[in-house]
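Keep in mind the model is a prediction, meaning the values are calculated, not measured. Protein chains get the first letters and strands the later ones, always in sequence-line order, with residue 1 at the start of each.
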Amino acid sequence: MENKSMCLALFSGSVDKLTAAGVILSGAAADDMDVDIYVLLQAARAFKKDIADDSSKLAMAENVDLKEEFLTSLKKLNVKTWVEFFKEAKEITNVKIHICGLAGKIWDGEKLEDFIDLADDIVGISEYITATQEADVNLFI
Amino acid sequence: MTQEELQALTVSKSVDARGTACPGPLLEAKKAIGTIGSGDIMEILSADEGTKRDIPKWANKKGHEYLGTVEDSGFFKIYLKKG
């Protein structure tokens, strides 16, 4: 049986939403789904090498004043960081991470090397639209 | 299976995922089941309440057999037979 596919438009660059995306991605990996992630505007900044692993440079989408409590709690519960979630999912299932070309430029990321190694390529919007039409599940985070 | 039957099973693989919260145990189970043969038994130790429902549902969906869960002190053991 062919694997089900998921297309995730990842807009958010906030640490809470990226963590949620990581948890969903883990579930998709356990289910052997093929996943295409399109890294849009704010998320492209989070994927930059000098930012991804530094939570002090990432915002919170909600309950912004509880960011430290959120991060401390994740650590206490032994929850992976959002980057670790994405990395592990890539090791388990077929996950492709595409950086939006415009988004990259906005945050001074012209080349693939400007982003963490998990990123596979830099693409235009047409690829995203095609992926949404072909995927079994579409998500926007 | 009864609790006694579950406890008496010979397991090919035991995964101790008590140190992780959801989705940790699920991914540990996913990775470990690839290392055993069809028909082999695997147990997953977890203290994460969500996992109690998550792993049986996942296992049945992926063609493995959920045999049952044994409660222990502060954690539980989920038994699966690989399909």
Distance in Å, B:Leu27 CG paired with A:Glu91 CD, rounded so as to fall on 0.5 Å steps: 10.5 Å
Heavy-atom closest pair, residues A:Asp31 and B:Lys62: O-NZ, 2.9 Å
Other residues, nucleotides, ligands: >12 heavy atoms within 6.0 Å of A:Asp108 CG: no
B:Glu71 atom CD, neighbour heavy-atom count above 12 within 6.0 Å: yes
Taking every non-hydrogen atom, the tightest pair across A:Phe85 and B:Pro23: CE2-CG, 3.6 Å
Hphob cluster co-occupancy, A:Ile99 + A:Leu102, side-chain heavy atoms under 4.5 angstrom: no
Part of A:Glu88 within contact of chain B (heavy atom distance under 4.5 Å): side chain
Side-chain touch B:Lys30/A:Asp32, heavy atoms, less than 4.5 angstrom: yes
Flag if over 12 foreign heavy atoms under 6.0 Å of NZ, A:Lys49: yes
Flag, side chain of A:Asn78 to backbone of B:Gly19, donor-acceptor distance under 3.5 Å: yes
A:Lys17 NZ: over 12 foreign heavy atoms closer than 6.0 Å: no
